[in-house]
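Each remark here refers to the structure printed beneath this line.
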Amino acid sequence: MISGVRGKLVTWSLLLLVSLPTLLVVISSFGNGDKLEFPFAGWSLIGYGDFFSDDAIRQAFVRSLLVGIYAVAIALPIGLAAALALFRYRVKFSPAITAFLLLGFSTPLVVSGMALLILYYQIGQIGNLFMLALAIVTTTFPLMLLAIGSSIDLLNPELEEAASTMGAERLQTFIFVTLPGVLPGVLLGSLLVFVTAITEFLVSLILTTSSNQTLPVVLFGSLRSSLKLRDAAAGGIYIGIAVILVLLMTQLKVLDQFFRRKE
Amino acid sequence: MTKISVDGEAAKESPGIGWRLLDFAVLASRRRGANKKRRSAYPLVIPSILLIAILAVGLAYLIWTSFQSVDTNSNVQGGLSLDQYRNLFTGPSASVYRDTLLRTSIYALIVTVTAVCLAIPTAYAIVSIKRRLWRRIAMLLLLVPFLMGETVRAIGWVLIIGKDGVLSWVSRIFGFQIELLGSPFAIWLGMVQVMFPLATLVMMPAIRGISPNLEWAALTMGARPWQVWLRIIVPLARPGILGASLVVATLSMTEYLMPRILGLGKLPFAATTIQQLFFSRGNINLGSALSAVLLVFVISMVVIIVFLGKDRSRS
């Protein structure tokens with residue numbers, strides 16, 4: 001095709017360049033010594049040991065995981081219901097409602113963060129992990145909505161009609177035909193929301209207090225002062241989670257149609 | 001009310017507990033709705049509207065706060081006024097705020113152009129990969145920097161261009177010292193590293209829709225490769241280019257971490273200034289005003305980009 005050997009070389013070089021910081025974090029996380037520096041002192045798992053033994057960073061990690069779980073718990077049912085209503089059953093004013101639900105993506109993240117800060121301050125809810133998860137969900141809701149929506153797009157309405165002609169009640173049709181059909185989108189949306197929530201930085205910085213920090217905020221503190229080995233280990237863990245997520249996503253057929261070319 | 005028959009005459013086994021529960025649920029739902037045909041799905045969408053309403057109310061509060069005047073000496077709230085906006089546009093620091101917005105916009109523009117220009121050929125190359133394994137590897141390389149989080153990306157860059165980083169070490173071997181941390185180039189690098197994969201991802205559906213037959217046809221008619229690019233691929237990818245530009249531009253305008261860490265906070269950006277106003281200076285009114293200005297700015301930017309994109313497709 002158009003991209004010959006030269007084109008492929010350039011593309012892969014670009015992809016590798018983009019992955020350079022990732023590579024460095026992973027390599028550094030297995031280093032030796034307290035400070036992160038080059039040349040390399042040696043290989044060890046001290047960084048990861050430090051990560052789990054240091055109270056501040058370990059608790060921050062647990063808080064991040066909690067925020068992630070809360071976020072999915074909030075976004076999944078609400079997003080599934082909304083996606084079904086808007087894209088499958090097509091309620092009235094669907095376009096307008098969909099546009100409203102995309103508000104999180106339309107406003108700059110810093111503005112959303114400050115807006116929620118002011119609101120939370122009014123109702124006295126600063127430093128609450130669940131409220132933080134709620135805030136993150138409002139800004140990343142479109143991810144869940146559109147992920148499930150793309151699954152619904154692929155849903156064949158004839159399957160549901162076939163089920164009802166064979167005597168299935170609406171509830172049965174829903175449980176045995178509709179839900180399995182949207183499952184890939186639900187999984188994709190949940191994974192995306194989870195990862196976004198555990199790595200979320202700006203809104204977390206704005207809405208957490210010094211005693212309630214999530215991991216990205218703690219890493220920010222290290223970035224401003226000095227980087228320790230355990231920070232690279234934290235990076236390694238995040239990278240591991242991201243890799244697992246991508247491998248999971250490639251298993252979901254929803255992404256295949258996104259990437260492959262029609263021949 | 002008709003009784004539901006669970007099993008036909010031919011069934012010998014009694015139905016399991018799962019099926020009994022299901023029948024109970026169906027019975028319960030049947031009892032309530034007499035007019036099943038016209039049951040609206042509206043209730044399904046209410047929770048999501050309430051959810052996003054939280055953000056909307058917050059934004060309303062923000063805008064409300066921006067219209068308050070505060071006497072800095074006595075810290076007494078005044079009434080509604082345009083004081084904060086006057087401060088922003090004509091006050092003593094007005095030029096600082098203007099420069100900050102300008103700087104943020106210029107960086108956003110440069111990063112958007114870079115990311116999108118790199119993304120077009122990359123998206124094309126990736127959707128053309130035939131073997132599944134290589135496609136998955138490409139996806140991995142593209143998505144992991146994106147999904148691992150900003151702070152990890154920043155750590156990676158500091159490890160490369162920081163004082164104790166790789167670049168510094170390598171340059172010391174050759175006798176000199178490269179100091180990239182704190183430079184505009186470093187900020188650009190950090191931003192492009194995530195915006196380029198994002199732009200590629202947003203563009204892929206559009207590039208995927210371009211039929212290869214069109215390229216073959218052009219080639220057989222004697223077009224050179226660069227002509228095929230300019231005349232066929234790029235114009236057909238326009239919706240994708242538009243979408244990618246929108247996403248990257250709006251995200252770049254709210255960039256906080258890269259200017260703060262890779263730029264060492266030397267150059268004020270919109271998000272860093274807003275954060276400073278709120279937290280360091282405690283001036284939530286001025287901060288809200290600047291946030292509102294940024295919001296209007298970004299919305300206008302979106303409108304302009306969409307307008308620029310739609311215009312030519314008419315002709």
Side-chain angles (χ1 to χ4, degrees), chain A residues 1-3 7-8 11 14-15 18-22 24-25 28 36-39 78 81-82 84-86 89 91 97 100-101 103-104 107-112 114-116 118-119 138 141 169 171-172 195 199 201-202 216 219-220 223 227 231 235 238-239 242-243 245-246 250 258-259 261, chain B residues 25-26 29 41-42 44-45 47-48 51-52 54-55 57-59 61-62 65 122 125 127-128 135-136 138-141 143-145 147-160 164 166 169 193 196-197 204-205 208 215 225 228 253-254 256-257 261 271 274 278 291 294-295 298:
Chain A
M1 201 49 63
I2 296 294
S3 51
K8 287 208 177 74
T11 308
L14 266 176
L15 289 179
V18 160
S19 308
L20 209 60
T22 316
L24 243 85
V25 171
S28 311
L36 282 176
E37 56 188 358
F38 291 87
I78 297 183
L84 284 171
L86 292 168
Y89 305 130
V91 296
I97 299 182
F100 175 67
L101 294 180
L103 188 64
T107 25
L109 204 60
V110 66
V111 177
S112 308
M114 295 306 178
L116 289 166
I118 293 180
L119 177 64
T138 59
F141 189 67
E169 299 285 342
L171 193 61
Q172 276 173 304
V195 161
T199 59
F201 169 66
L202 195 51
L219 292 177
F220 176 63
L223 278 165
L227 283 178
D231 302 313
Y238 270 134
I239 292 172
V243 169
L245 173 61
V246 175
T250 56
F258 191 68
F259 276 85
R261 191 111 184 256
Chain B
V26 171
S29 68
Y42 251 125
L44 285 177
V45 96
S48 54
L51 178 76
I52 305 300
I54 298 177
L55 181 60
V57 168
L59 286 169
Y61 256 115
L62 182 94
T65 310
T122 311
V127 299
S128 308
R135 222 170 33 236
R136 290 200 176 180
M139 257 218 269
L140 204 71
L141 292 180
L143 284 171
V144 168
L147 294 173
M148 68 187 188
E150 312 183 60
T151 37
V152 182
R153 282 198 289 275
I155 294 178
W157 278 115
V158 170
L159 288 174
I160 297 178
D164 301 316
V166 181
W169 170 54
Q193 187 234 347
F196 156 62
M204 270 204 256
R208 197 187 146 260
E215 300 164 42
V228 180
M253 288 297 292
T254 179
Y256 175 86
L257 192 60
I261 298 296
I274 290 176
F278 267 89
S291 305
L294 181 65
L295 182 60
V298 170

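Letters go in sequence order (proteins before strands), and every chain restarts at 1. All values derive from a computational prediction rather than experimental measurement.
- For A:Phe220, the ring pair (Phe, Tyr, Trp, His ring centres under 6.0 Å) criterion is met by A:Phe201, not counting sequence neighbours.
- In terms of non-hydrogen atom pairs under 4.5 Å with chain A, the most contact-rich of B:Thr65, B:Leu141, B:Leu294 is B:Leu141.
- Contact annotation: the side chain of B:Thr254 never approaches that of A:Thr107 to less than 4.5 Å [non-hydrogen atoms, C-beta and beyond].
- Listed for the B:Ser291 side chain is no donor-acceptor partner under 3.5 Å among the backbone atoms of A:Val111.
- For A:Leu101, the parts lying near chain B are the backbone and the side chain together; criterion is any non-hydrogen pair under 4.5 Å.
- Ranked by heavy-atom pairs shorter than 4.5 Å toward chain A, the options B:Gly149, B:Ser48, B:Pro47 are led by B:Ser48.
- Both the backbone and the side chain of A:Leu202 come within less than 4.5 Å of a heavy atom of chain B.
- The shortest side-chain heavy-atom distance between B:Tyr256 and B:Ile274 does not fall under the 4.5 Å cut-off.
- Residues A:Phe141 and B:Leu55 have side chains not in contact (no heavy-atom distance under 4.5 Å, counting atoms from C-beta outward).
- At a 4.5 Å heavy-atom cutoff, the contact between B:Tyr42 and chain A is made by backbone and side-chain atoms alike.
- The side chain to side chain contact (heavy atoms under 4.5 Å, CB included) search around A:Pro21 returns B:Trp157, B:Ile160, B:Gln193, not counting sequence neighbours.
- Heavy atoms closer than 4.5 Å to chain B are found in the side chain of A:Tyr89, but not in its backbone.
- Looking at B:Thr122, both its backbone and its side chain come within 4.5 Å of chain A, counting heavy atoms on both sides.
- Of the atoms belonging to A:Leu109, heavy atoms from both backbone and side chain fall under 4.5 Å from chain B.
- In this structure, chain A has heavy atoms under 4.5 Å from both the backbone and the side chain of B:Leu140.
- Across B:Met148 and A:Thr199, no two heavy atoms sit closer than the pair O-CG2, 3.6 Å.
- Side-chain contact between B:Leu295 and A:Pro108: present, with at least one pair of heavy atoms (C-beta onward) separated by less than 4.5 Å.
- Interface remark: A:Leu223 contributes backbone and side-chain atoms alike to the contact with chain B (heavy atom separation under 4.5 Å).
- Using a 4.5 Å cut-off between heavy atoms, B:Val144 contacts chain A through both its backbone and its side chain.
- The CD1 atom of B:Ile261 lies 10.5 Å from the CD atom of B:Glu150; values are rounded to the nearest 0.5 Å.
- With a 4.5 Å cut-off on non-hydrogen atoms, A:Thr138 touches chain B through its backbone and its side chain both.
- Looking at every heavy atom in both residues, A:Thr11 comes nearest to B:Ala125 through OG1-CB, 3.4 Å.
- Of the listed residues B:Leu62, B:Val152, B:Ile52, B:Leu147, the one with more heavy-atom pairs under 4.5 angstrom with chain A than any other is B:Ile52.
- Between chain A and the options B:Val298, B:Val57, B:Leu257, the largest number of non-hydrogen pairs under 4.5 Å is found for B:Leu257.
- For the set A:Val91, A:Val18, A:Leu119, A:Val25, the entry with the most heavy-atom pairs within less than 4.5 Å of chain B is A:Val18.
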